[in-house]
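Following: one structure in structure tokens, then a few remarks.
When reading the values below, keep in mind they use all heavy atoms of this one structure, side chains included, and skip hydrogens, waters and symmetry mates. Atoms within each ligand, like the ligands themselves, are counted from 1 in listed order.
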Amino acid sequence: MEAVDSNEFALCGDLNSSREQQRACSNRPSLRANLSQMSEGSCTFLQESARSGSMCEENEAPCPSSPRPREQHATVTRSLGSVSTNDGECACDDIDSSRYNQSRGPAELATTLRLLHYPSIPLGTVFNHEREGNDAAIEPVVLAGAHSDYGTFTLLYQDHVGGLELQIGERWVCIEREPTDPFGLLLNIGDVLWLWTRGRISSTVHRVVARARNDALERDDSLHLDGCCPDRRVFSEERFSVALFVHPLDDTVVDVVNGRRAVDVLNERLGRTYRNPGPCNG
Ligand SMILES: O=C(O)CCC(=O)C(=O)O
Ligand SMILES: [Fe+2]
């Protein structure tokens with residue numbers, strides 16, 4: 001892998017994600033009511049904001065003026081894409097590493113590296129009498145709505161804050177990182193693998209919920225309700241995660257029944273998510 005200036009690299013992803021989320025958050029005064037829908041939208045926007053390292057035109061959050069972070073992002077994406085696929089043994093003949101062979105050019109591959117930043121946001125207001133002995137009364141605020149990833153699989157790193165949840169049946173189960181393993185990665189199965197294996201391997205539905213900051217209960221004396229029970233505002237913990245969305249080459253037939261290629265499946269999925277999808281990279 002080529003040397004990458006990690007500061008610059010992080011800045012680019014950081015800017016794109018956080019500004020998108022901040023923009024989405026700042027326009028909405030009634031947070032509790034709107035956050036789950038809003039964040040569902042903003043997350044899926046982020047989901048598609050970069051493809052093969054190139055940002056979509058409609059992503060208004062600019063990268064720093066230097067083109068380097070963009071190039072570096074593309075380089076890292078390509079390198080990780082190779083690492084994540086070429087060395088693996090595969091149980092299924094059809095899903096072999098040649099399906100990811102990037103010597104044919106990165107434009108044919110939708111593999112994407114995404115750096116995600118979830119800024120601290122106000123989660124709501126808690127009254128003293130609600131708070132006492134009853135933390136669980138705070139409904140989770142969903143930062144990234146329930147979804148399965150689009151590609152073959154995703155390698156996901158979340159920081160110490162946590163908040164990732166996996167849907168198992170009707171329940172949401174918290175996925176924590178081992179505290180002793182600061183670099184632990186999660187492998188999420190995506191929809192392409194589900195299709196490719198004709199349903200034998202299911203994609204995983206997951207979401208991200210906000211975690212309240214430890215010092216979250218900031219007293220706000222400006223809020224007094226009829227002179228009784230001072231309110232306290234609750235803020236979420238800022239959170240970072242890194243996701244490598246691994247896709248096969250665009251022209252790989254992943255739906256053998258209907259002869260659809262990876263790029264067809266991806267575009268169809270984008271079309272369902274957005275009204276005017278338009279593939280980012282043609
Ligand atoms: O931030 C995370 O931990 C997960 C994000 C995610 O699921 C996604 O971008 O598809
Ligand atoms: Fe995801």
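- Under the 4.0 Å criterion applied to side-chain N and carboxylate O atoms, Arg260 and Glu268 are assigned as salt-bridge partners.
- Proximity of Ala243 to ligand 1, defined as any heavy-atom pair under 4.0 Å, is not found for any part of the residue.
- In summary, the atoms of ligand 1 found under 4.0 Å from a heavy atom of Ser241, numbered by their order in the structure, are 1 (O), 2 (C), 3 (O).
- Put simply, part of His147 is less than 4.0 Å from ligand 1, judged by heavy atoms.
- Contact annotation for Leu156 and ligand 1: only side-chain heavy atoms (C-beta onward) come within less than 4.0 Å of the ligand.
- Between atom CD of residue Glu238 and atom NE2 of residue His117 there is a gap of 3.5 Å, rounded to the nearest 0.5 Å.
- Polar contact with ligand 1: present for Tyr118 (N/O pair, distance under 3.5 Å).
- Residue Arg239 places at least one N or O, backbone or side chain, under 3.5 Å from an N or O of ligand 1.
- Atoms of ligand 1 lying under 4.0 Å from any heavy atom of His206, numbered from 1 in the order shown and given with element: 7 (O).
- Val242 and Leu185 end up in the same hydrophobic cluster when Ile, Leu, Val, Met, Phe, Trp and Tyr side chains are linked at under 4.5 Å.
- Taking every heavy atom of Val208 and a limit of under 4.0 angstrom, the matching atoms of ligand 1 come to 1 (O), 2 (C), 3 (O), 4 (C).
- Judged as a salt bridge (charged side-chain N to carboxylate O under 4.0 Å, His left out), the pairs with a partner in residues 152-176 (not counting sequence neighbours) are, in order, Glu165-Arg207, Glu176-Arg211.
- Restricting His206 to its N, O or S atoms, the one at the least distance from the Fe ion (ligand 2) is NE2.
- Within His147, the N, O or S atom at minimum distance from the Fe ion (ligand 2) carries the name NE2.
- The ligand atoms of ligand 1 that sit less than 4.0 angstrom from a heavy atom of Asp149 are 10 (O).
- Linking Ile, Leu, Val, Met, Phe, Trp and Tyr whenever their side-chain heavy atoms come within less than 4.5 Å leaves Trp172 and Val142 in two separate clusters.
- Asp149 and Arg269 make their closest contact through O-NH1, 4.2 Å (heavy atoms, listed as atom of the first residue, atom of the second, distance).
- Under the 4.5 Å side-chain heavy-atom criterion for Ile, Leu, Val, Met, Phe, Trp and Tyr, Val173 and Val161 are members of distinct hydrophobic clusters.
- With respect to the Fe ion (ligand 2), Asp149 has OD1 as its nearest N, O or S atom.
- Under a hydrophobic-cluster definition in which Ile, Leu, Val, Met, Phe, Trp and Tyr are linked whenever side-chain heavy atoms come within less than 4.5 Å, directly or via other members, Val205 and Leu164 are assigned to different clusters.
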